[in-house]
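Labels below follow one simple rule: chain letters A, B, ... track the order of the sequence lines, proteins then strands, and each chain is numbered from 1. Any value given below was found using the heavy atoms of this structure, including those in side chains, with hydrogens, waters and symmetry copies removed.
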Amino acid sequence: MDLKIKRKSTRTVNTSNLLESYPHDLQMYKIPPVEDIRLQEFETLALERLTLLRCLATATTLKGLRIYSDEWKDFVINELRTQGLKYYANLCDMSGCGTNESDLLARRKDHIGHFILRLAYCRTEELRRWFISKELELFKMRFMTMSPKAVEEFFKINQLCYTSISDEEKNELMPYLRESTMHQKIDSLKFYKVKFYEVLDLVKARKVYIQSGYAYIPDKDFISVLSAQYRIHLKQSLAIACHHLGEIEQDERLVGLLKGLHQSYSGNDYSDTKVIIPIESLDSLSVKSFPLCMRQLHEQLRLSHHLKHGGRLQYGLFLKGIGVTLEDSLRFWRDEFTKIMELDKFEKQYAYNVRYNYGKEGSKRNYTAFNCLKIINNNVGPGDCHGCPYRHCDPSNLKNRLKGYGIENQALNDIVDMAKKGHYQIACSKYFDAAHNTDLGLGINHPNQYFEESQKLLNVSNKVEIKKETKIVKKEQTNTIEDMDFDEISEWS
Amino acid sequence: MVSGFAKKNVCKVKEVILINPIYDSFRWLACGNSPQPLSNRELSFTLADDVYIRYLSICDQKEFQNLLQKKCPHKLDIGAVYNNKPSISRHDAVVLARELVFDIDLTDYDEVRTCCQEAKVCDKCWKFMVVACEIIHKSLKDDFGFQNILWVFSGRRGIHCWVSDYEARTLDSPGRAAVADYLCLIIGGDNQNKKVHLGSDNLHSSIRRAVSIIDKYFDDIIQDQEFLGTSSRLQKFLKMIPEDALREQVEKSLEKMSESSLERWKTFISIYDSYLRENGNAIRKIKYLVEEIKIQFCYPRLDVNVTKGFNHLLKSPFSIHPKTGKVSIVFKPNNARNMKLDEIPTIHTLLDDSSPDNVQHQNNMRNAVKNFQEVVFSLEKAEAIRKRNYANTTLDF
Ligand code: SF4
Ligand SMILES: [Zn+2]
């Protein structure tokens, strides 16, 4: 990418050039911008793009709206308007291929803004993942609001040609298509044949008929093919951008700006706590300050002296995140596990994993605790009790558990209600309020954040002794377990 | 297992690996590696004293043999193909290919099977594996179009499946995750009573097909397992019914009747049918309740992490299970239902011609090797075709 920064510039807008570069509201961002741009504009465009992406995140996690639903879309567009980002609101509302100057200028900003954020968000796996998922949501939303004519244009411009299957073939497959495709009026739709791995999101959700390796999709579902391509393209571009960061960062003005950008949002990853939590306090902390997902694991461990792999991972990394040292952690797990097994077996089969979580074994990465999104989307199978209870417990089980924890009826019903509707993190926030007797309505997106907020509240009123470690831990490159990117395509709508 | 016996075993293990289809294993591995060199494949050994060595690799058959002879491994695991020779110090190693694998273990059926728990297995619960194998095999072939599928007994209480088609081997992790999720219908941990939710739209063709496979075995399995045979099992079953009024009706009737699960099940079905007839609006919630329960009882329970993970090591075919002594034989999916657990060859009987089972086990061993060779052969053929096509297309340019 070749963004030159100028302090002053005498740029004149040339409409015909713009029309050539930006024929359509929706772009696949294949070619980076080459024009010179002023630092001032650079910064503005970056922040505006960030606001846009942030808006999408708010709509899903804080407002609990179902992703891509009408309410969700309306919220996003209204929010963009109130934030003064009319041009994004227009781009998102009814993407098309108008040729007004205002359309063209908006597309240019969209283009540049996207590429600047690539630079800010390419530096770690975590950031890349956040960026890709938000950009994809944006892309999908815009594609879905396009008129059929605009869609057609879009395909033409991007040289996407596919031929539909013959009527004969379609008739033959009709019963299966009807059964397995999630659309009305199948008879009137044209179907296309693509390899199953081009539409993984549909395969995953069993929303498409597949036969002998091919998926049969109607044109509406082409968004799956496109977003899969777009995802791969983005992923590769971010990796490349990351490689070339050095060159870009020769300009210090940019370094500060770019670094500041993502820190202003991506949130803490809880990989370098400066607090030490003694394991002796875990029983009481689990009651006072653990979110339900962790409290459940803690209690299960105390009860059965064992947790399955998923539980050990989720809980182990959380403990590390709140400030349990490696030595303490080993002692903690050992004490429990050896109640049902020989010490030798523990050392051979489990100690490795504990050290692994702390980056002392295997690939020696400093793994970070899972955030809610990851926990919510995790697989929970028979015998498991990890995951997010708001999602992975039957309502009746959830109710009983909350009752057992002394949650009042009113609050209890509220929480269970939210969970039933699929607003897991909001349920969690309501639980926080009930457990702490407040009504902060926090947006919970990380169990460790839950913990810290809770500690903050409790420590104001009564000082719990927590030693501050004086040594500042140098922050290393952090990685989530095995860079599990397979959960990227999951949505829990 | 204890000293003297274990020691003797180790040597025998070696022998078995050596007499048996080492050449075929080698061909299978080599072919599944292409176009990367064989030496980029990670192997790992578990030695007699539970010492576990990772990051081994071989370049040719000779080396393979030598390595086996030298280390006498108890167990041989097969990992992924990397961009380089695997080694512990390479953190930049990238996985390039790996068979698409599935691991189904009877311990994941503990909440439904009643004949055995944990490590135990019997011919009754083996039927779960038969169902699993048939459903998954059909889906891999018909839906995904895979051809080179190897089924292996895991040595104790489960089965493994290896898909070696080029497309499967090079499938990336989102692709693997999607296949796993497509095949995974039972979701939820110990806190969820009802683990299957099919909604109220049409049933996806693959689910409909799976249910029809289950139906072939269902009566048999329900009688073996007596899913509804005791009052505590009945209570567990009732929790799967989300509609209160229906649940109460079912509870009342089933409690009164004989304890035969099959009878109880039939009564449940007829109550369900008439309930639906009378309460048209309940249909949204319980349209597929019967299918959901059948699935929860009988549908394959995959260890999805094994399938999703790119670099999970999995036991090689024809390994010897250290505890049971059983050989991880290769079987044909359409023959799974005729397999009897005690007819699976063990190292002990194979090497002891005075054992009464010796002849039969020898026989079964030979068949297993033949099954393996068939898969290897078809894979080699597919690879040859792929290479030829590849050469043709590259010449075109
Ligand atoms: S919302 Fe997050 S913190 Fe709360 S229980 Fe679920 S996973 Fe844990
Ligand atoms: Zn059994």
Is it the case that more than 12 heavy atoms not belonging to [X] sit under 6.0 Å from its [atom1] atom?
{"X": "A:Y230", "atom1": "OH", "answer": "yes"}
{"X": "B:K287", "atom1": "NZ", "answer": "yes"}
{"X": "B:K294", "atom1": "NZ", "answer": "yes"}

Could you measure the distance from the [atom1] atom of [X] to the [atom2] atom of [Y]? Nearest 0.5 Å is fine.
{"X": "A:K195", "Y": "B:E167", "atom1": "NZ", "atom2": "CD", "result": "3.5 Å"}
{"X": "A:H386", "Y": "B:N191", "atom1": "NE2", "atom2": "CG", "result": "11.5 Å"}
{"X": "A:N379", "Y": "B:C184", "atom1": "CG", "atom2": "SG", "result": "6.5 Å"}
{"X": "A:S212", "Y": "B:D143", "atom1": "OG", "atom2": "CG", "result": "8.5 Å"}

Identify the two heavy atoms, one from [X] and one from [Y], that lie closest to each other, and give their separation to 0.1 Å.
{"X": "A:N397", "Y": "B:Q192", "result": "ND2-N, 4.1 Å"}
{"X": "B:D190", "Y": "A:G383", "result": "OD1-N, 3.0 Å"}
{"X": "B:D181", "Y": "A:R206", "result": "O-NH2, 3.1 Å"}
{"X": "B:A178", "Y": "A:L200", "result": "CB-CD2, 3.6 Å"}

message = If the contact rule is any heavy atom under 4.5 Å from chain B, which residues of residues 171-181 of chain A qualify, in numerical order?
response = A:Y176, A:R178, A:E179, A:S180

ask   = In terms of heavy-atom pairs under 4.5 Å, which option from A:Y197, A:Y214, A:Y209 contacts chain B the most?
value = A:Y197

request  = Start with the C-alpha distance between A:F196 and B:L171, add both sets of side-chain angles, then the distance that settles side-chain contact (heavy atoms from CB on, under 4.5 Å), and finish with yes or no.
outcome  = CA-CA 11 Å; A:F196 79 88; B:L171 198 60; 4.2 Å; yes

ask   = Is it the backbone or the side chain of B:Y109 that comes under 4.5 Å from a heavy atom of chain A, or both, or neither?
value = neither

Toward chain B, the part of A:Q296 with a non-hydrogen atom under 4.5 Å = side chain

query = Side-chain contact, heavy-atom cut-off 4.5 Å: A:V208 with B:Y182?
reply = no

